[in-house]
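Working notes, structure below.
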There are 2 protein chains.
Amino acid sequence: MRRMTARPANAHQARLLKLLRDGGPNSRAQLGDQVDLSRSKLAVEVDRLLETGLVVADGLAASRGGRRSHNIRLAPALRFLGVDIGATSVDVAVTNAELEILGHLNQPMDVREGPVAVFEQVLSMAAKLRASGLAEGYDGAGIGVPGPVRFPEGVPVAPPIMPGWDGFPVREALSQELGCPVMVDNDVNLMAMGEMHAGVARSVGDFLCVKIGTGIGCGIVAAGDVHRGVTGSAGDIGHIQAVPDGRPCACGNRGCLEAHFSGAALARDATDAAQQGRSEELAARLAANGGLTAVDVAAAAAAGDATALALIREGGDRVGQVIAGLVSFFNPGLVVIGGGVTGLGHTLLATIRTQVYRQSLPLATGNLPIVLGELGPTAGVIGAARLISDHLFSPA
Amino acid sequence: MRRMTARPANAHQARLLKLLRDGGPNSRAQLGDQVDLSRSKLAVEVDRLLETGLVVADGLAASRGGRRSHNIRLAPALRFLGVDIGATSVDVAVTNAELEILGHLNQPMDVREGPVAVFEQVLSMAAKLRASGLAEGYDGAGIGVPGPVRFPEGVPVAPPIMPGWDGFPVREALSQELGCPVMVDNDVNLMAMGEMHAGVARSVGDFLCVKIGTGIGCGIVAAGDVHRGVTGSAGDIGHIQAVPDGRPCACGNRGCLEAHFSGAALARDATDAAQQGRSEELAARLAANGGLTAVDVAAAAAAGDATALALIREGGDRVGQVIAGLVSFFNPGLVVIGGGVTGLGHTLLATIRTQVYRQSLPLATGNLPIVLGELGPTAGVIGAARLISDHLFSPA
DNA sequence: CCGTCTTTGTCCTGTGAGTGGAGAAAGTTG
DNA sequence: CAACTTTCTCCACTCACAGGACAAAGACGG
């Protein structure tokens, strides 16, 4: 089965493709309003895109008082695969060229099983989505992994929570298996791109996206571009010292943010509290499920459990303090909170806000919204699709 | 007296001007090797620049085995004014178009006297430089102020240490007085630009430039561009919490980095130590000068005074800890330490390095140089000249 | 001193990108 | 059915740019 072979031949075509991706179908006239090209030149470029099959003209739009326009849209058969590998689960989704999710699967998994096992699972999920008729094949795939990535090569480097992935040629391997171009990035960066494309960060050029899941990371967007740092580890805030001489962390230091607040730390704290008899609510849940997660803490807090609330507040204080520092440093226009623990909801958010607004200078916080992500678990896969589409919709 | 009136007419010309600024005089052939234009097109653009007077052809270069080339250089009469307003002194310098310092003045001053008084002083210094024959006039000026700046307008906003400057139209006022274009930025950003142009950060795209003077700030360069944040307060790290429940700070919080280590804090600590009899060395200097500054502490430390050394180490630990967090977050390729307290030299640097290398993840620090700035007090004025030249050497 | 080679710079022509206007096509409205 | 709008196409003209031919100016060996 032949998939997308063509790429935009020049910057104009790339621009048009991205406009159609982000703005949906458009007439030639509407496109002309957005690109600062003469109508004639625009017509030429659109015609060339039509020839390549990247875009199609389907039907006429309603008249706006004159001749009806032809709708130009991205080829409806284009399919992108978005993969978001977390520490304990995988998300795989198919999107169309406008990055709308057509189908989405989520399965539990352990990254520590290594790339081979995980890839097998990802490929079977991709095959299942294809088999269900959502895609005849994939024109490109984006994949996020929970660790630093050498971006140009698409290779994880020194990932703390996923040993066995270090140096594994993710991009190349997946590209081989799927038979399409692949781009790899850190999962947090993809979440940021997702929220920038279709979530709360639409049309925000400078923002931070803090993802609190099993670990903690931060996507950094400056002037509309993701900042990845020189070795791809930018945003790795989990090991910033939050508590002087605090708890020992897996990294060898003490007092790391991640050791004091993250999905894993919260679960451990809750279990301790339950076992020590400090919370009946949590103890009951522990007995019922045989284990506790952030979800249990959220439920207990919602039920009014004081211990659970205290845990959330304490954690929120830690994260808030670190975020306050980052806000002073980076002066973003928006802070997005996402990841697994967003189930903790308003209590967490309120605590973080209090810390940030109290500790950062008014000039930096005066007009700074701190909000929860809008897309939840789909942020990562949408970001992944966006990543590969950005790549494919650029001149070859 | 007529000054530079022309601006590059297109991106090619702008590129050529910047090449000549950063690389010095060049032949057409050498320029051609750097710009990816045909020789004919290049010749046309160079001719146009010659017509405008922005560049001149002066003499022939030595032969390299064939016809001798004509030297093309930026107009030798072009003069930029670089102004660096600190908390307690002003630096003013004249540069040629290659941003080489032709004359440099430094005078003590107190920003708190307000913009009018300070401007008077700056203008008289600029006049003195002109009178000494270094410049017939100024083609542009860059100015750095020790506080956040709304960059597009060139107006300081809510600057904590310089009340009275809030909202003062620095750019417009100075432009009026000098009769040339002016650009305004934060002093730390200009230091970063200076080190990027002619100092240790040459050809580094992502780095941090920490300036420790009366206060503490950090210049952020991402992908070769200064990141200023949405309100111009990016890099304002002086009020990041360094010590939980630490010393009260002028900003109203406790434990701010600036309250624990900066030129001002260090002077205060040293004075306390001298008065409490903890250091004979410092006490002697206090008696001799009637006051202490970071310079005294540096001298005492150099003389082997244990208390002075301890003060430096303690401060270095604080700054190092904060920098460690920023390194984890931003993943720069270089950290430059500059500002008044660089006189503390190797002791300070060693302490900072220890903290950063100990607290940040190996991937971020593995190949991370942490060095002192190369330009000292000239970094700011060179950065200022670079700022305005970047502006003037861009298409109008 | 002279021919050959190298480097630098200029000139000229062909190509393709891009603009802007004329006008055709396809509507709406009165 | 005429007048007006909006959309799209066609065409002629301009300008940017590449690339080759060629002139200028020097090095170098014989």
Side-chain angles (χ1 to χ4, degrees), chain A residues 6-20 23-74 394-396, chain B residues 6-20 23-74 394-396:
Chain A
R7 292 276 289 277
N10 57 40
H12 295 315
Q13 294 184 13
R15 179 84 203 286
L16 291 171
L17 290 174
K18 287 177 184 172
L19 280 174
L20 291 171
N26 261 288
S27 68
R28 286 175 174 83
Q30 284 172 308
L31 288 173
D33 293 341
Q34 303 174 69
V35 292
D36 196 39
L37 274 181
S38 66
R39 280 198 308 276
S40 26
K41 178 59 180 166
L42 181 109
V44 169
E45 296 299 350
V46 170
D47 285 346
R48 287 184 190 160
L49 284 174
L50 286 168
E51 274 174 36
T52 66
L54 280 172
V55 306
V56 299
D58 69 333
L60 297 169
S63 164
R64 299 193 310 176
R67 174 173 169 177
R68 292 166 65 191
S69 59
H70 294 267
N71 260 335
I72 306 293
R73 64 165 59 205
L74 289 168
S394 296
Chain B
R7 292 276 290 276
N10 57 41
H12 296 312
Q13 295 185 13
R15 180 85 204 286
L16 291 171
L17 291 174
K18 287 177 184 171
L19 281 174
L20 290 171
N26 262 289
S27 67
R28 288 175 173 83
Q30 284 173 309
L31 289 173
D33 293 342
Q34 303 173 68
V35 293
D36 195 40
L37 274 181
S38 66
R39 281 201 307 274
S40 32
K41 177 61 179 165
L42 181 110
V44 170
E45 296 299 350
V46 170
D47 285 347
R48 286 184 190 159
L49 285 173
L50 285 168
E51 274 174 36
T52 65
L54 280 171
V55 307
V56 298
D58 68 335
L60 296 169
S63 164
R64 298 194 310 177
R67 174 173 172 179
R68 293 167 65 193
S69 60
H70 294 267
N71 260 335
I72 306 291
R73 65 164 58 204
L74 290 168
S394 296

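So you know, we letter chains A, B, ... as the sequences are listed, proteins then strands, and number each from 1.
Looking only at distances, no side-chain donor or acceptor of A:Gln30 sits under 3.5 Å from a matching main-chain atom of A:Asn26. Listed for the A:Arg68 side chain is a donor-acceptor partner under 3.5 Å among the backbone atoms of A:Ala61.
Proximity of A:Asp47 to A:Leu50: side-chain heavy atoms (C-beta onward) are separated by under 4.5 Å at one or more points. Considering only heavy atoms from C-beta on, A:Leu20 stays 4.5 Å or farther from A:Arg73 through its side chain. Side-chain contact between A:Ser394 and A:Lys18 is present, with heavy atoms from C-beta onward closer than 4.5 Å.
In the interface, the side chain of B:Arg67 is paired with the base of C:dT8 through a donor and an acceptor atom under 3.5 Å apart.
We find that CZ of B:Arg64 is positioned 10 Å from C1' of C:dT8, with the value rounded to whole Å. For A:Arg15 and C:dG18, the CZ to P distance is 14 Å, given to the nearest whole Å. We find that NE2 of A:His12 is positioned 8 Å from C1' of C:dG18, with the value rounded to whole Å. As rounded to whole Å, 12 Å separates atom C1' of C:dG16 from atom CG of A:Asn10. Atom CG of B:Leu31 is separated from atom C1' of C:dG9 by 13 Å (rounded to the nearest Å). Between B:Arg39 atom CZ and C:dC12 atom P there is a gap of 16 Å when expressed in whole angstrom units. Here the P atom of nucleotide C:dT28 and the CG atom of A:Leu60 are 11 Å apart, to the nearest Å. Separating the CG atom of A:Leu37 from the P atom of C:dA17 is a distance of 13 Å, rounded to the nearest angstrom.
Using a 4.0 Å heavy-atom criterion, one finds that B:Lys41 contacts the sugar-phosphate atoms exclusively.
Taking only side-chain nitrogens and oxygens, A:Ser63 never comes nearer than 4.0 Å to OP1 or OP2 of C:dG27. Under 4.0 angstrom from either OP1 or OP2 of C:dT8 there lies no side-chain N or O belonging to B:Arg68.
By the 6.0 Å contact criterion, CG on A:Asp36 is open, its count of non-hydrogen atoms from other residues, nucleotides or ligands being 12 or less.
In this structure, NE2 on A:His12 lies 9.5 Å from CG on A:Leu42, to the nearest 0.5 angstrom.
If you check C:dA22, C:dT19, C:dG9 against the side chain of B:Arg28, the one that comes closest is C:dG9.
Across the interface with DNA chain C, nearest-nucleotide mapping of A:Gly66 and A:Ser40 shows A:Ser40 to be the residue nearer the 5′ end.
First and last contacting nucleotides of DNA chain D toward chain A (any atom under 4.0 angstrom from a heavy atom, 5' to 3' order): D:dT5 to D:dC11.
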